[in-house]
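Step one of this worksheet: look at the structure below.
Computed from a prediction, not measured in an experiment: that's the story for all the values here. In what follows, chains carry the letters A, B, and so on, assigned in the order in which the sequence lines appear, proteins first and then strands, with residues in each chain numbered from 1.
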2 protein chains.
Amino acid sequence: MSTIRGARERARSEVTAAIKDEARRQLAADGAAKLSLRAVARELGMVSSALYRYFPSRDDLLTALIVDAYDAVGATAEAARATPRGSSGPHPARWTVVTCAVRDWALAHPHEYGLIYGSPVPGYTAPQDTVGPASRVGLVLLGLARDAYLTDGLAAPPLAPELRPEAERMTADLAPDLPPAVVAALVAAWAQLFGLISFEVFGQFTRVVEERDPFFRRASRELARSVGLLDGRTAGTGSTGRAMS
Amino acid sequence: MSTIRGARERARSEVTAAIKDEARRQLAADGAAKLSLRAVARELGMVSSALYRYFPSRDDLLTALIVDAYDAVGATAEAARATPRGSSGPHPARWTVVTCAVRDWALAHPHEYGLIYGSPVPGYTAPQDTVGPASRVGLVLLGLARDAYLTDGLAAPPLAPELRPEAERMTADLAPDLPPAVVAALVAAWAQLFGLISFEVFGQFTRVVEERDPFFRRASRELARSVGLLDGRTAGTGSTGRAMS
DNA sequence: TCTAAAGCAAGAGCAGTGCTCTCGTTAGTG
DNA sequence: CACTAACGAGAGCACTGCTCTTGCTTTAGA
């Protein structure tokens with residue numbers, strides 16, 4: 001129905017997309033701080049006030065870009081998981097395919113990455129619209145763990161007693177079919193993964209790490225190990241998951 | 001000599017400090033994006049142009065705040081290491097004392113933390129002045145690993161062949177007295193540590209991790225394990241460091 | 001089919017920003 | 001004592017986000 005009722009609405013969505021595209025261009029060129037509504041409007045041949053028909057404020061434009069960036073990196077992770085190399089073979093290798101894909105996207109889009117995993121730029125509180133797209137990468141990693149658990153099993157990592165309640169809470173929220181120890185370790189690995197990527201994208205590795213590809217691959221492998229992913233040859237030997245749940 | 005020659009120079013350094021203090025206040029209140037030279041000057045009772053006698057541009061003022069923030073978090077880490085609980089006892093416990101201190105500082109100064117470990121705000125290239133202060137936390141962690149290596153030994157983590165050249169390069173640069181596998185693992189753990197802290201400070205754990213203290217402690221312990229820190233009871237059993245170097 | 005309503009672009013304008021330049025003035029140096 | 005260099009103040013430029021008003025066009029309803 002939106003195609004027939006279109007006409008005006010289609011024009012609107014086209015202009016909206018053009019604004020976001022130009023904004024993304026400026027974001028990639030100069031960074032989020034220099035992104036200017038007036039410059040976007042100027043480049044699009046309209047006057048700045050016209051732009052407010054589409055985005056009520058600069059922060060709302062930025063929020064739209066944030067959602068898009070979350071979706072882009074999420075789609076990248078999901079695509080890597082659907083790849084032949086990402087959906088078969090030893091589980092740590094699949095894990096590494098996904099993490100490397102995320103890292104590659106981050107290095108290719110540093111400013112968009114900074115928008116979502118750097119300091120929160122806008123009014124300090126992330127809008128509600130971002131929570132869905134923001135979880136896509138995490139869900140892919142969770143899916144990898146679930147796959148491993150259902151096929152070859154998992155070497156469930158240790159779970160300190162004082163963390164058990166929180167681990168069980170996270171498990172109920174995120175993946176009731178996985179052992180709490182695995183879920184807790186996976187959330188930690190998720191954050192640590194983006195620590196590695198952020199340090200690389202934000203230049204913290206300058207003059208410290210030079211050969212970053214093997215460095216990241218090793219760290220990613222260790223991360224997979226920390227959530228208990230087995231490489232198949234040792235299939236099942238450490239599967240204590242069900243017993244611990 | 002600077003005390004006698006002072007008078008004017010002392011006044012200058014006092015004004016400089018006052019500017020930085022007020023800027024830090026505004027930074028903590030509203031974030032780096034909203035920090036305004038004019039507002040700082042206004043609050044200090046001077047006119048905005050006078051402020052340019054002390055900082056040639058807004059980015060230079062921000063850079064000064066960045067250096068100060070690096071120094072603050074570095075000093076925090078060093079102080080934690082010098083603490084009784086940070087300088088004795090099992091090595092993973094010492095490690096956790098330091099990492100928790102860094103985390104506490106970050107949670108107490110979120111905007112300053114974002115300034116140094118979030119998206120690079122200024123002209124995209126970090127000035128040379130920041131490399132020294134920026135490495136202080138890393139050096140503390142390195143010192144912890146060295147202590148462990150010299151007393152109880154280290155369970156040197158695995159080192160993939162393709163990472164060996166880079167690991168040896170990093171070792172020559174950072175800590176020639178440590179096994180390359182440990183140095184490589186430590187650099188990775190360093191980045192992963194700030195991934196955990198950043199996710200917490202930047203709100204990525206909202207509605208995901210609730211009980212964050214035990215969560216962080218567990219992750220920190222695992223990080224210590226990943227660099228090979230032993231807890232003393234198993235002293236020496238896994239010390240393969242010298243053999244691998 | 002005609003009309004009222006809603007969506008839209010444009011322009012002027014406000015308050016605020018970073019930054020530059022030009023002035024007197026004041027404080028340390030030879 | 002005279003000189004120079006540092007300093008604070010002010011005006012001003014180009015820019016920003018954002019608001020309000022003014023007309024025009026498209027859409028929807030009687």
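- Rounded to whole Å, atom C1' of D:dA5 lies 13 Å from atom CD of B:E9.
- Residue B:Y54 is classed as a sugar-phosphate contact, given heavy-atom separations below 4.0 Å to backbone atoms only.
- Following rounding to the nearest Å, B:R53 (CZ) and D:dA9 (P) show an atom-to-atom distance of 11 Å.
- Closest non-hydrogen pair, B:E166 versus A:V208, comes out as OE2-O, 4.0 Å.
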* Test side chain to side chain donor-acceptor pair (under 3.5 Å) on A:Y113 and B:S119 and set out the steps. => CA-CA 9 Å; A:Y113 178 85; B:S119 350; over 6 Å; no
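- The separation between B:L51 atom CG and C:dT17 atom P is 13 Å, rounded to whole Å.
- Using a 30° and 60° split on the angle between ring planes, B:F194 and B:Y117 fall in the parallel class, below 30°.
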* To do: Using a 4.0 Å heavy-atom cut-off, write out nucleotides 14-19 of chain D from 5' to 3' as B (base contacted by protein), S (sugar-phosphate only) or - (no contact).
  => --BBBB
* To do: Apply side chain to side chain donor-acceptor pair (under 3.5 Å) to B:D60 and B:S57, showing your working.
  => CA-CA 5 Å; B:D60 288 87; B:S57 82; 2.6 Å; yes
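- Per the geometry, CG belonging to A:L44 stands 15 Å off C1' belonging to C:dC8, to the nearest Å.
- Put simply, CZ on A:R12 is 12 Å from C1' on C:dA6, counting in whole angstrom units.
- If you take CG of B:L62 and P of C:dC19, they are 10 Å apart, rounded to a whole angstrom.
- At most 12 non-hydrogen atoms from other residues, nucleotides or ligands lie less than 6.0 angstrom from CZ of B:R85.
- Legend: salt bridge (Lys or Arg N to Asp or Glu O under 4.0 Å) pairs involving residues 23-33 of chain A, not counting sequence neighbours, sorted by first then second residue: A:D21-A:R24, A:E22-A:R25, A:R24-A:D68.
- Atom CZ of A:R10 is separated from atom C1' of C:dG7 by 17 Å (rounded to the nearest Å).
- In this structure, CD of B:E14 is placed 13 Å from P of D:dG8, rounded to the nearest angstrom.
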